Each structure stands twice: as C-alpha cells, then as structure tokens.
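Please read these numbers as outputs of a predicted model, since none were measured by experiment. Proteins get letters first, then strands, A, B, ... in listed order; numbering begins at 1 in each.
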Amino acid sequence: MANVTLSKVRKSFGAFTALEELNMEIAAGEFIALLGPSGCGKSTTLRILAGLEFPTSGEISIDDRRVNDLPPGKRDIAMVFQSYALYPHMTVAENIAYPLKKHGVKRPEREAAVRQAAELLQLEPLLDRKPKQLSGGQQQRVALGRALVRDPKVFLLDEPLSNLDAKLRSYMRAELIELHRRLGKTMVYVTHDQLEAMTMATRIAVMHGGRLQQFDTPEMVYNCPANRFVASFIGTPSMNQLEGRVEGGAFILGPDRIAIDRTMFRDDLADGPAVLGIRPEYIQIGRGPLQATVRLAENTGHETILTLELSEGSRITARVEAGSRHKVGQVLSLGLQNDAVHLFEPGENGARLNKEQTGAAVIPMRAQ
Amino acid sequence: MPRARHLILNLVTWSLVLLIAFPLFWMIITSVKPQSELFRIPPTWLPETVTFEHYWRLLSETPFLRYFRNSVVLATTTTLFVVSLGTLGAYSLVRFNYRGRETLAMLVLFTYLLPSVVLIIPLYMMMVAIGLSNTLMSLILAHTTFALPYALWLLRSFMEGVPKDLESAALVDGATRMGAFRDVILPQLLPGIISTALFTFILSWNEYLYALVLVNSDAVAPLTTGVMSMLISAFNIEWSLLMAASVMMSLPLIVVFAFLQSYLTSGFGAGGVKG
C-alpha cells in the first residue's frame, strides 16, 4: 500500500501546456479515477506518474519517496494500457512473466507467480497462446495479469475497458472493483467514461484543459459540482444550466420568476447575472410556475427523458417515469425542486455559488 | 470477347516471361555444354552430353573461390553495417523528437539525386586519404553509403508500425531502453530487418561499378569484377567458364530468395501501407 502525491506538477509540450500546476494527494489503497474529455491532461498525468513523461516542473512521490528521477521500471508501479500492449511474439505465460524476468526473479518462482495470476484471472487454459489468438476480453485479462504479477505498490490503468463491448465492459468493471477490494492496492484509473468513474472510484479527479476541476467522492462530484464544467460533464443527461439573473429571492429567467432560497447560497451572492443549474430528475412536471412545450420524448424502457422548450426559448431535459405519456407539442407546467437548485457564476466555467453541502442529492444516483 | 482478351493477355505475359527467362536458361545450358558443342550451328537447344568440366576447372584452376569469398565477406559485412546502423537510425527518426528530424530524413535521400559516377571520384580520393584504397573495407564503406539511405527509409516505415505502447509497457515492466529495444522492438521489426538485409545483400552482391573503380588488386576483387577481368579479355571470352561462373554467382541469391521471398514482398509493400 502506498500513497501518491503530485505537487505543483506542470507539463508543457513546446508552447502547449498540457498540465497547469496539478496538486493531488492520493491516500494508500484508494481507487482514483482521472476523468475528463480527451485532451484534458488525464493521460499525461498518468504517464508522468509512470515515468514515461517527465514533468516540466513539480514533484511526484510514491510511498513518500520522490520518484522524479527514477525510470519507470524502478518506481514499483504497474500499468495497463488502452491498447493492452501485449508483446505479440510472446505467449500469454511469457507476457505475464516478463516483468518478473526483468526484476531478476528466478524461473521457479516466476512460474509459480504466473500460475497464481493466471488462476486469479482464469487464464490457465490460455497460457500457451499468443495474444493474437485471444479475444479482446482475454487480452484485457492478460494485461491485468502482467500488471498484478509483480505485486506493485501502485496500479496505473489507462482506459483499460474502452476497447471492450458494452456487456464485457460492465462485467470487467465489476471484476476490477472486486480486484481492488481484494488486493487493497492504490489504483489510478484514467477514463473519459463518467459511468466507470462513478461506479468504481473512491474519489474522482475531474480534469479539463490541463486543470484539476474537482477532486472528491463520486457523491460529492455529482451532487455538489465545483463549477459549470463538472456539473455538465457528470450525469447523463447532464445538468440543465439556465442563464438569467438573481434578483432578491428570485432567479429571473426571461419573463419567469423562480423563487430561490437564499440561505442555501454563499453569503456574498449578489444580485446580477448568474446561471441556475438543476439536474433532470429534480424537475417536477405538472405543477410549478414555468410553462414548457414537449419537443422530444425518449423512452429508454426504465425512464423517459423529455426535452422541453421553456417559454423564453431555452431547452431543458427532464427525467420522468417510463410509464408517463407525454406527447410532442403538449404544453406542461413545471417547477424545480427547491433544495436541488445550484447557482453558478456566469461565464464559461463559472464556480458554484451554493454553500458547501446544499443542492445535494435527495435521490441517489440511478443506475443506467 | 472476353475469351480473346484473355488469350492475348496470356500470350503477352508469357512472351515477356520467356524474354526474361531465356538468357537464364541459355546461361545454364551453356555452362553444361562441352566445348565442342558451344559454337555449333545450328545450336543445340539441349546439350547432347552434359558436362560439369567447366565448373570443375573454375573451382580448381582459377581464383574463382577467392572472388567468391571476397564477395561473401563484402556483402555480409555491408549487410551487417547497414542493418545495424539502419535499425538504430530508424528508431531515432521514429521515437525521438528533435529539431530537424524530418529534414535529416530527407537529406539522407539526397545521395540518390546524384548519379553514382559523380560520387565515385570523391569516394576514391577519400579512401586513398584514409589509407583504405584497394581494400575490401573501402568497398564495404562505399556500398554502405548507397544502401543505407534506402534501408533507413524502409526500416523507418516498419518502425512506425510498431506501437509505442509496447515499448512503454516494457519500460514500466522494468526493462531499460536498450532492453526494451532488444526484447520488444527487434522481434516486431524482424520482417523489416530481413527484407532490408536481403535488399542490401543483393545490392552489394551484384554491384560492379564501385568495385571496378575502388579496387584494382586481384586479391580483394569481388566476383563481379574478378570474374569479368579473369574471363573476358580483348581477344577472347571464355564463354563456358563465364556461364558456369554466372550460374554459381546467382545460386546464393536464388536460394536465399526462395526461402525468404515472403519477407521480401512484404518489404516492397511496407512503404505504401500504413496501419
């Protein structure tokens, strides 16, 4: 078990800054997801941790030891690549044994360790095959086997499930959670899939444009997003964000006034332009001050997602029960659940204006 | 009529094949004809008596074996030079980022813009200056200079096909950079290395002009110039010996070609197809 610390890590490629002053403290045994859209710096962060890239400045330590100057092989880490990166000319057994061989482990011990890893991942019948003869899921398991055979301090996983089909992905998700529980190792997991991050991680680091946006538990990231980016990135469909003004105890949206509870928000909340955020599940259909026209009704089987057009023209999505029969063109009245309202500063990535724990979930996150 | 077209196509193709194959056929036939049959008119298509006396004379009475050994040393060493330099060079061109990388790669091809005749005189002067004139080494270096650029480009396209993640994985697994190169990259590059080696070997084995100019001592002459000067004089051409020598010169290439043909054709395609 080892903790991982990144302090003031910067990385630039020529004029392009990939990471801007990243600070992150990962406790021993945590399962951290680095989440963000492509190009946000999450893979760069992982490669810097692995020693495959060098930070322009800043310090990295693993298990309280500075590792900046250590090559990847000396950092006591293991990594699973998105492409699996299995050595094509070696058999499964040779692939799994390779890190042990490179660390000078003797043949009998190597064979025992390979057998053990193969047993854990149900790879025993495949040990003599070449990677090309395996399915995607099997290759994935070999890559995991190669990572865990050496019993490293930290596991780094770079989008390991993104090449699998949906069914296998959800199976491997459960396997990885189980594996983490069993091994108790520190894991850092890069993904652009919020579902993976939400379901697997103990904490999520949401990244955007080379900056860490929020680093917190899945519940907090979902319920108390630090800013507009996190609010829109986490959750499907994403949080509705309506641009308007705060005036006294109300949020003014075009011709409509939405009453807000000012005690929920920071004391320095001033009247003026702001963005109101509300998740689709907290929109109450049938009663409330707002009028909206149904533009689209998508039935997913267990729920229906409505796309509604408000009278002032902006569109919002609402999550309703699957049985509800709303027709396109129908005009509904709707309200917002008062304790689930967030306010953000205006601007592209405005910060949240709520007091710490307000706007939090009343309903836990639904499974998809 | 598709049938007629088919027929014409076949006819054209086969006459081309015959055109190319006939000299080879005639070379083999002539090499086993007895002296008396050589210039008979009309010529005999198949020898009435088959004899290997020319081969025997060549091996026992002429320095053919010495030329052969020189050629083997020359082509093998050149191939070793070119493949090892080319592999490391291609690795650098593909994996490392530095200023002028692309320019460097283009510049390497620049030697092909000049006819080899233009390069021979400066090369000869250089060899004399560094005391290598009239040695096999001078030929090895000369052959390396014209085989390396092509090898570099060929190996570069093969190297680009090796995923970077493989090397990263080996580094994380505890290999050094050279270790990762040896354990993971080289095995992936093997088809490329084999076809590059074949190209280079053939090029060096068949090369005539540089050998003619840079080496004039009989002791270090390779097959191409050695056999020519031995059997062809202003007054007489020893046809039967020449043909026997030609057969034996071609043999190594044909054998190697037959075994490694699939690698060679993959080398031809490597420049065009990228994964």
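- The contact between A/Ile77 and chain B is made by backbone and side chain atoms together, counting heavy-atom distances below 4.5 Å.
- The environment of CD in A/Gln133 is crowded: more than 12 heavy-atom neighbours from other residues, nucleotides or ligands sit within 6.0 Å.
- In the displayed structure, A/Asp128 atom CG is contacted under 6.0 Å by at most 12 heavy atoms of other residues, nucleotides or ligands.
- Listed in order of number, the residues of residues 99-118 of chain A that approach chain B to under 4.5 Å between heavy atoms are A/Pro99, A/Lys102, A/His103.
- For A/Leu156, no part sits under 4.5 Å from any heavy atom of chain B, backbone or side chain.
- The most heavy-atom pairs under 4.5 Å with chain B, out of A/Ala50, A/Ala78, A/Ser83, A/Pro88, come from A/Pro88.
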Practice prompt. Kindly indicate, with the supporting measurements, whether the criterion side-chain contact (heavy atoms from CB on, under 4.5 Å) is fulfilled by B/Ser168 and A/Arg47.
Written response: CA-CA 9 Å; B/Ser168 301; A/Arg47 292 178 65 84; 3.7 Å; yes
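- For chain A, no part of B/Glu167 is nearby; none of its heavy atoms comes within less than 4.5 Å.
- Residue contact with chain A, scored on non-hydrogen atoms closer than 4.5 Å, involves the backbone and the side chain of B/Asp183 alike.
- Donor-acceptor pairing under 3.5 Å is lacking for the side chains of A/Tyr84 and B/Asp165.
- For B/Tyr210, the ring-ring contact (aromatic ring centres under 6.0 Å, His included) test picks out B/Phe146, with sequence neighbours left out.
- Closest of all the heavy-atom pairs between B/Val172 and A/Arg150 is O-NH2, 3.8 Å.
- The ring-ring contact (aromatic ring centres under 6.0 Å, His included) contacts involving residues 77-110 of chain B comprise B/Tyr91-B/Phe96, B/Tyr91-B/Phe181, where partners must be two or more places apart or lie in separate chains.
- Between atom NE2 of residue A/His89 and atom CG of residue B/Leu190 there is a gap of 10.0 Å, rounded to the nearest 0.5 Å.
- Here the closest heavy-atom approach between residue A/Tyr87 and residue B/Leu166 is recorded as CE2-O, 3.6 Å.
- Listed in order of number, the residues of residues 26-33 of chain A that approach chain B to under 4.5 Å between heavy atoms amount to none.
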